[in-house]
Novice: 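Take a look at this one; I'll ask things after.
Here the structure is a predicted model, which is why all the values come from computation and not from measurement. All values below come from the heavy atoms of this structure, side chains included, with hydrogens, waters and symmetry mates left out. Just follow the structure's listing: the first ligand is 1, and inside any ligand the first atom is 1. When a residue number appears, it is its place in the shown sequence, counting from 1.
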Amino acid sequence: MHSFTEARDFFGKVSPELLAERYGTPLYVYNEAILRERIREMKGILKEDSFTVNYSIKTNSNLSILKIALEEGLNADAMSPGEIHALLKAGFPADRIFYVCNNVSDEEMLFAIDKGIMTSLDSIAQIRRFGRLNPGGRCAVRINPGIGDGHHKKVVTAGKNTKFAVAENDIDDAIRAAGEYDLKIVGVNQHIGSLFMDPGHFLEALRNFLSLAERFSGLEFVDFGGGFGIPYRKLSGEERLDLNDFSEKLTEIVCEWRMRNGVHILIKSEPGRYIAAECGVILGRVHAIKNNFEEKYIGTDIGMNVLVRPSMYNVWHDIEIYRDGRPVDDSHGSEAVTVVGNICETGDVLAANRMLPMIKEGDLVCVLDAGAYGYSMASCYNNRLRPAEVMIGLDGVDRLIRRREELDDLLTLFP
Ligand code: LLP
C-alpha cells in the first residue's frame with residue numbers, strides 16, 4: 001500500500017510521532033504547499049480574465065488558511081456573521097466577500113449591509129426583508145437551476161428536494177418583489193451541491209442557470225457555485241477530477257454566454273472542498289483494541305466530535321497507520337477492522353469493516369483528506385475538547401495555527 005503522506009512529503013521536517021508528542025492527539029495537520037497548489041488549480045479553471053474564485057470558508061475557516069487564500073488572490077463566500085467576522089479579521093476587504101446566506105434575521109442582514117458586503121438572497125421572503133432594511137440597495141439572488149448533484153442527498157442543494165434558492169417559476173415574482181423596494185439585482189448565483197467527480201450534471205445545470213440569468217437585466221456578475229470533488233479513495237487509485245477537460249467545457253459555455261449577454265459581466269465561483277480537503281489530515285492515537293463478537297474494534301481518540309463526516313454521511317476517508325514515525329504497510333498482513341472514536345454513541349465510527357495493516361496499541365492513525373468540513377464541523381460533544389491545528393509551512397517546519405481547547409474553555413459561556 002502506498003503512503004500518500006510520505007509520497008507528498010506531507011509532514012516536512014517533522015514526523016507524525018513528533019507532532020503527536022509536541023501537540024497531543026487528536027491533531028489536525030495541514031500542508032501549506034498542497035493548499036496553495038489546489039488554490040492555483042482552481043484559479044485556472046476558467047480561461048478568462050473576469051473570473052474570481054470565492055473560497056467557501058464553511059469548509060475551513062482557520063485564520064491562517066484564510067490569510068493564505070487572501071495572499072493567493074482569492075475572494076471569499078461567507079454563510080454567517082461569524083464567517084464574515086473571520087474574513088474581516090483575516091484581512092479580506094468587504095468588497096471581496098460575498099454573503100450567501102439563507103433564512104437570516106434583520107440583525108444578520110444588517111450586519112452585512114452595514115459593512116457594504118454583497119448579499120445573496122435565497123427566497124422572495126428574504127428579498128422583501130432585505131428591501132425593507134435597505135430600500136434602493138444592491139443585492140444578488142440565488143436561483144435553482146433545477147438540477148442538483150452531490151455525494152449524499154443531504155448535500156444536494158438544487159433540484160426539487162432542497163430548501164435553497166428561488167425556483168424557476170418564482171423568478172418573475174422575485175424580480176417584482178425586488179422592484180417593490182427599488183432593489184437592484186446585480187448578481188445571480190447558484191450552488192447545485194457538494195462533490196461531483198463527473199461534471200455532467202454541473203455543466204447541464206450551468207446551462208440552465210445561465211439561461212435563467214437572462215431573465216434579469218443589469219447583471220454585473222454571475223456565480224456558478226462550487227462542488228468540485230476530490231478523490232477520497234486515492235490510496236486505491238481513484239482518479240482526480242479531470243480539470244483540463246472540465247475547464248475547456250466550462251470556458252466554452254461561459255464565453256459563449258458572455259458574448260451574447262455582456263462581456264463586462266464578472267464570473268464567480270465558490271469552491272470549498274477542492275481547495276481545503278487534501279491539504280489536511282488528522283492524527284489520532286490507538287488506545288484500545290478489542291473483539292466484540294465477530295468484529296475487531298480499533299479504539300482511537302478521533303471521535304465523531306473531531307470528524308463527523310463518516311457518521312453523518314457514511315462516507316469514506318482513507319486511513320494510513322504510522323508507527324515509530326514511519327508508515328506501516330501491509331507486508332506483515334492486513335485484516336478487516338472497524339475504527340472507532342471515544343464518543344458515547346454506537347454510531348461513532350470512523351471506518352467500518354476496513355482492510356488495514358495489523359494495528360497495535362500506541363500506533364498513530366492518520367485520516368486523509370480531512371481539511372474540508374473537518375474542524376469546521378467539529379464539536380465539543382461529550383464535553384470533549386476540540387483539537388489543535390498545525391500547519392507544515394513551505395519550509396517544512398510545523399507551526400501551531402490554533403491551540404487545543406482546554407477544560408476551562410468549556411466553562412467560558414456560563415454566567
Ligand atoms: N457555495 C455554497 C452556497 C455552499 O453551500 C457550499 C457548500 C459551497 C459553495 C462549497 O461547496 P464545495 O465546493 O465545498 O462542495 N458538510 C458536507 C458538505 C456540505 C456543503 C455545504 N455547502 C461534507 O462534509 O461533505
Side-chain angles (χ1 to χ4, degrees), residues 35 38-39 41-43 45 52-61 65 69 74-80 83-84 87 97-104 118-123 126 140-145 148-159 162-166 187-199 201-202 205-206 209 222-232 241 243 246 268-280 282 304 306-317 350 367-379:
L35 172 63
R38 295 292 174 259
I39 290 176
E41 284 169 13
M42 273 291 115
K43 284 171 73 176
I45 57 168
T52 64
V53 175
N54 287 32
Y55 170 45
S56 190
I57 78 158
K58 59 186 73 76
T59 322
N60 189 320
S61 53
I65 289 182
L74 298 194
N75 290 0
D77 100 55
M79 192 64 199
S80 64
E83 288 190 352
I84 291 174
L87 283 164
I97 302 173
F98 188 28
Y99 185 31
V100 185
C101 54
N102 68 98
N103 307 329
V104 299
M118 176 59 61
T119 301
S120 152
L121 305 164
D122 164 84
S123 62
Q126 293 266 283
V141 172
R142 177 167 174 175
I143 53 183
N144 181 342
D149 204 351
H151 68 78
H152 189 283
K153 68 177 188 298
K154 289 182 184 170
V155 301
V156 174
T157 50
T162 179
K163 66 171 177 168
F164 292 107
V166 173
V188 288
N189 55 302
Q190 71 160 9
H191 174 68
I192 70 161
S194 195
L195 203 159
F196 62 80
M197 294 306 280
D198 169 357
H201 288 151
F202 178 90
L206 177 66
F209 168 67
V222 295
D223 176 340
F224 57 68
F228 315 99
I230 63 110
Y232 279 97
L241 181 64
L243 275 190
F246 171 68
K268 299 185 188 195
S269 60
E270 290 167 18
R273 185 189 314 272
Y274 193 91
I275 287 175
E278 292 169 289
C279 70
I282 306 169
M304 62 197 280
V306 174
L307 181 71
V308 77
R309 301 191 70 252
S311 40
M312 189 156 174
Y313 312 113
N314 214 4
V315 290
W316 177 288
H317 277 260
L350 187 58
V367 182
L368 302 189
D369 305 317
Y373 307 109
Y375 192 100
S376 68
M377 294 178 82
S379 75

Novice: Should we say atom CG of Asn103 is surrounded by more than 12 heavy atoms from elsewhere, each under 6.0 Å from it?
Specialist: yes
Novice: Under a 4.0 angstrom heavy-atom cut-off, which atoms of ligand 1 come close to Gly226?
Specialist: 13 (O)
Novice: Going by heavy atoms in the side chains, are Ser80 and Lys58 under 4.5 Å from each other?
Specialist: no
Novice: Measure the distances from the heavy atoms of Gly225 to every atom of ligand 1 and state whether one is below 4.0 angstrom.
Specialist: no
Novice: Among all protein non-hydrogen atoms, which one is nearest to atom 24 (O) of ligand 1, and what is the separation to 0.1 Å?
Specialist: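 Protein heavy atom with the smallest distance to atom 24 (O) of ligand 1: Arg309 NE, 2.6 Å.
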Novice: N/O of Met377 under 3.5 Å from N/O of ligand 1, yes or no?
Specialist: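 Between Met377 and ligand 1 (N or O atoms, distance only) the closest approach is not under 3.5 Å.
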Novice: Can you tell me the protein heavy atom closest to atom 20 (C) of ligand 1 and the distance?
Specialist: Tyr373 OH, 3.5 Å
Novice: Suppose I only count heavy atoms of Val100 and a 4.0 Å limit; which atoms of ligand 1 are within that range?
Specialist: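 Here the atoms of ligand 1 in question are 3 (C).
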Novice: So Tyr232 and His317, would you call those rings parallel, tilted or perpendicular, with 30° and 60° as cut-offs?
Specialist: perpendicular
Novice: Sub-3.5 Å donor-acceptor pair from the side chain of Thr157 to the main-chain atoms of His191, do we have one?
Specialist: yes
Novice: With a 4.0 Å cut-off on heavy atoms, does Thr157 reach ligand 1?
Specialist: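 It does not, in that no heavy atom of Thr157 comes within the 4.0 Å cut-off of ligand 1.
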Novice: Does the side chain of Val308 come within less than 4.5 Å of Ser379's, by heavy atoms?
Specialist: no
Novice: Could you check whether Lys268 and Asn75, counting side-chain N and O atoms only, form a donor-acceptor pair closer than 3.5 Å?
Specialist: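 No, no side-chain donor-acceptor pair sits under 3.5 Å.
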Novice: Ligand 1 versus Asp77, non-hydrogen atoms closer than 4.0 Å: side chain, backbone, both, neither?
Specialist: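 Asp77 to ligand 1: side-chain contact only, backbone stays beyond 4.0 Å.
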Novice: Using a strict 4.0 Å cut-off to heavy atoms of Pro271, name the atoms of ligand 1 that fall inside it.
Specialist: 13 (O)
Novice: Counting heavy atoms only, which of Gly374, Ala277, Gly227, Ser376 comes nearest to atom 12 (P) of ligand 1?
Specialist: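 Result: the heavy atom closest to atom 12 (P) of ligand 1 is in Gly227.
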Novice: Please say which of Asp77, Asp223, Asn189 ends up in a side-chain hydrogen bond (donor to acceptor under 3.5 Å, both in side chains) with Ser120.
Specialist: Asn189
Novice: Counting heavy atoms only, name the option from Met79, Arg142, Gln190, His191 that's nearest to atom 6 (C) of ligand 1.
Specialist: His191
Novice: Check each heavy atom of His151 against ligand 1 and say whether those closer than 4.0 Å belong to the side chain, the backbone, both or neither.
Specialist: side chain
Novice: Name the orientation class of the two ring planes belonging to Phe196 and Phe246 (parallel below 30°, tilted from 30 to 60°, perpendicular beyond 60°).
Specialist: tilted
Novice: Taking only non-hydrogen atoms of Tyr313, do any sit less than 4.0 angstrom from ligand 1?
Specialist: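 In this structure, Tyr313 qualifies as a contact of ligand 1 - some heavy atom is under 4.0 Å.
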Novice: How close does the nearest protein non-hydrogen atom get to atom 21 (C) of ligand 1, and which residue and atom is it?
Specialist: Lys58 CD, 3.9 Å
Novice: For ligand 1, which atoms sit closer than 4.0 Å to a heavy atom of Glu270?
Specialist: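 Close to Glu270: 1 (N), 2 (C), 3 (C), 8 (C), 9 (C), 10 (C), 13 (O).
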Novice: Is the contact between Arg273 and ligand 1 made by the side chain, the backbone, both, or neither, using heavy atoms and a 4.0 Å cut-off?
Specialist: both
Novice: Nearest 0.5 Å please: distance from the CZ atom of Phe209 over to the CZ atom of Arg142.
Specialist: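 The CZ atom of Arg142 is 10.0 Å from CZ of Phe209, to the nearest 0.5 Å.
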Novice: Where on Ser194 is there a heavy atom closer than 4.0 Å to ligand 1, on the side chain, on the backbone, on both, or on neither?
Specialist: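 Ser194 to ligand 1: contacts from backbone and side chain alike.
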Novice: Looking at Asp369 and Arg273, does any basic side-chain N land under 4.0 Å from a carboxylate oxygen?
Specialist: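 The answer is no: the pair does not qualify as a salt bridge.
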Novice: Which atom pair, heavy atoms only, marks the closest approach of Asp122 to Cys101?
Specialist: CB-O, 3.6 Å
Novice: Pull out every atom of ligand 1 sitting under 4.0 Å from any heavy atom of Val155, numbered as shown with elements.
Specialist: 17 (C), 18 (C), 19 (C)
